[in-house]
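Worksheet: the structure to be examined is printed underneath.
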Amino acid sequence: MAKILHLPVVDSTNNYMKNQIDSLPDRTVVWADQQTGGKGRLGRNWSSPVGNLYLSMLFRDPACDISLFPLLCAVAVSRAIKSQAKVTPLVKWPNDLVLNGKKICGILCESVISNAAVQVICGIGVNLNLGKEGYPPEQLPYATSLKIETGTEYSIEALAQGVSAELERIVNIYLKKGFAAFREEYESVLINRGKTVKVLYQNQTVTATALGIADNGNLLCQKEDGTVLQINSGEASVRGLYGYV
Ligand code: BT5
């Protein structure tokens, strides 16, 4: 079982891990009540007041394609939420979890080279116990929390344990069998599937229909002229034609 550290406050659980990377054992988990500098992808912010889950888990030198980690995290969080809140969030490829059309979880996986090996830090933020006042529409129009959607409060610690145990289990299977072992499960909750999406890809916007996921985690999209594109999660973001999903 992974070692789990709990901090009352930190700038970012991902940064905390990066700063201590050489002294933390494989599969260490750190979670915090609050982040003062929570990070999203591409330099964006992650709103991180008290009441939500902010967690990072370290995988030391996993001999695999690290671009799949956001997808593995999405499966882990989706399972943990389903087991504790009895609702099934959908996945907006590659790394958002969505409930009733709004974002309840964001994932930021970062790789760090240390001692000539690639270490992967999986950062996960889940909106749990904040009410509507936590997500002002003028700032976070696409955000929601499990409490808003289900009317119940949840134990942050229990979800931290559930997410880390699932993620460890999933990564162990992935290391033996590859992403193919999770492709079907991922596709079954893929909100983009069959929808027309706008893909921001290599500085271009392409409109296409999302078909599904390849065994390597790429999003398969078909353009109007029939051409099928494989989009790598590291280089693209996807929006619905008329909004967030
Ligand atoms: C993400 O980025 O969704 C990745 C978020 C990862 C957060 C975790 S918390 C633990 C670990 N430590 C960190 O410092 N980070 C990780 P991205 O796809 O770039 O989405 C960021 C965008 O989501 C922002 O620009 C806002 O529009 C929106 N956003 C910010 N805070 C939000 C929140 N709490 N809930 C929903 N949406 C939010």
Side-chain angles (χ1 to χ4, degrees), residues 1-7 9-32 35-46 48 53-77 79-80 91 93-96 105-126 160-161 163-183 186 201-203 213-219 230-237:
M1 184 59 201
K3 178 179 173 192
I4 301 188
L5 307 171
H6 172 232
L7 307 169
V9 61
V10 69
D11 60 341
S12 146
T13 53
N14 274 28
N15 286 354
Y16 177 89
M17 277 204 154
K18 260 191 210 169
N19 294 336
Q20 328 261 338
I21 197 112
D22 289 326
S23 63
L24 296 176
D26 189 23
R27 284 136 199 253
T28 300
V29 173
V30 54
W31 67 282
Q35 298 186 121
T36 53
K39 301 187 297 183
R41 296 183 306 154
L42 307 169
R44 294 188 280 253
N45 293 324
W46 187 252
S48 306
L53 174 64
Y54 311 106
L55 176 145
S56 300
M57 185 163 190
L58 175 66
F59 292 92
R60 286 200 162 274
D61 198 17
C64 60
D65 178 358
I66 59 166
S67 72
L68 282 163
F69 272 80
L71 285 76
L72 299 173
C73 290
V75 175
V77 180
R79 283 187 188 177
V91 181
W93 182 89
N95 69 322
D96 289 356
C105 166
I107 293 162
L108 171 68
C109 296
E110 298 185 274
S111 54
V112 178
I113 303 198
S114 107
N115 296 327
V118 179
Q119 327 288 356
V120 182
I121 296 171
C122 295
I124 293 169
V126 184
Q161 285 166 352
V163 166
S164 3
E166 276 299 349
L167 186 55
E168 184 165 33
R169 203 173 301 138
I170 284 169
V171 170
N172 287 343
I173 294 172
Y174 164 67
L175 291 173
K176 287 194 200 120
K177 300 188 175 170
F179 184 71
F182 300 101
R183 197 185 58 75
Y186 189 90
Y201 172 59
Q202 295 175 347
N203 288 331
I213 296 290
D215 277 350
N216 61 6
N218 287 353
L219 185 69
Q230 278 217 26
I231 317 278
N232 184 279
S233 62
E235 55 196 28
S237 54

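Note that the structure is a prediction, hence the values are computed from the model and not measured.
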Any chance you could measure [X], atom [atom1], to [Y], atom [atom2], to the nearest 0.5 Å?
| X | Y | atom1 | atom2 | result |
| --- | --- | --- | --- | --- |
| R41 | C109 | CZ | SG | 10.0 Å |
| T36 | D11 | OG1 | CG | 5.0 Å |
| L167 | C73 | CG | SG | 5.0 Å |
| I21 | I121 | CD1 | CD1 | 4.0 Å |
| R79 | E166 | CZ | CD | 5.0 Å |
| I66 | L72 | CD1 | CG | 12.0 Å |

Does any non-hydrogen side-chain atom of [Y] lie less than 4.5 Å from one of [X]?
| X | Y | answer |
| --- | --- | --- |
| M57 | V171 | no |
| F59 | R27 | yes |
| I4 | W31 | yes |

What pair of heavy atoms forms the shortest contact from [X] to [Y], and how long is it?
| X | Y | answer |
| --- | --- | --- |
| P25 | K3 | CG-CD, 4.5 Å |
| T13 | A32 | CG2-CB, 3.8 Å |
| Q35 | S12 | OE1-CA, 3.3 Å |
| V120 | P62 | CG2-CG, 3.8 Å |
| N14 | G123 | OD1-CA, 3.1 Å |

Quiz item: Considering the options L5, V29, V10, L58, which one meets the side-chain contact (heavy atoms from CB on, under 4.5 Å) requirement together with M17?
Solution: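 Output: one option passes, namely L58.
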Quiz item: Only one of S111, P94, C122 forms a side-chain contact (heavy atoms from CB on, under 4.5 Å) with F69, so which one is it?
Solution: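 By the side-chain contact (heavy atoms from CB on, under 4.5 Å) criterion, F69 pairs with just one of S111, P94, C122: C122.
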Self-check item: Test side-chain hydrogen bond (donor to acceptor under 3.5 Å, both in side chains) applied to D61 - qualifying residues, sequence neighbours left out
Solution: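 Here no residue qualifies.
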Practice problem: Using the test salt bridge (Lys or Arg N to Asp or Glu O under 4.0 Å), find all partners of R183 that sit at least two apart in sequence or belong to another chain. | Solution: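 For R183 the salt bridge (Lys or Arg N to Asp or Glu O under 4.0 Å) partners, ignoring immediate neighbours, are E187, D215.
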Exercise. Only counting residues at least two apart or in another chain, list the ones meeting salt bridge (Lys or Arg N to Asp or Glu O under 4.0 Å) with R60.
Key: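 Partners of R60 by the salt bridge (Lys or Arg N to Asp or Glu O under 4.0 Å) criterion come out as none, since no residue qualifies.
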Self-check item: Pairing residues for I173 by the side chain to side chain contact (heavy atoms under 4.5 Å, CB included) criterion, not counting sequence neighbours
Solution: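 Listed in chain order: K177, A181, F182.
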Quiz item: For A74, what residues pass the side chain to side chain contact (heavy atoms under 4.5 Å, CB included) criterion, not counting sequence neighbours?
Solution: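 A74 satisfies side chain to side chain contact (heavy atoms under 4.5 Å, CB included) with V91, L97, I107, Y186 once adjacent residues are dropped.
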Practice problem: May I have all residue pairs that pass salt bridge (Lys or Arg N to Asp or Glu O under 4.0 Å) and include part of residues 105-121, sequence neighbours excluded? | Solution: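 For residues 105-121: K18-E110, K39-E110.
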Quiz item: Is it true that a side-chain atom of W93 and a backbone atom of G217 form a donor plus acceptor pair closer than 3.5 Å?
Solution: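 Yes, W93 side chain to G217 backbone: donor-acceptor pair under 3.5 Å.
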Quiz prompt | Distance-only side-chain donor-acceptor flag, S67 / D65, under 3.5 Å | solution =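 On atom types as modelled, these side chains qualify, holding a pair under 3.5 Å.
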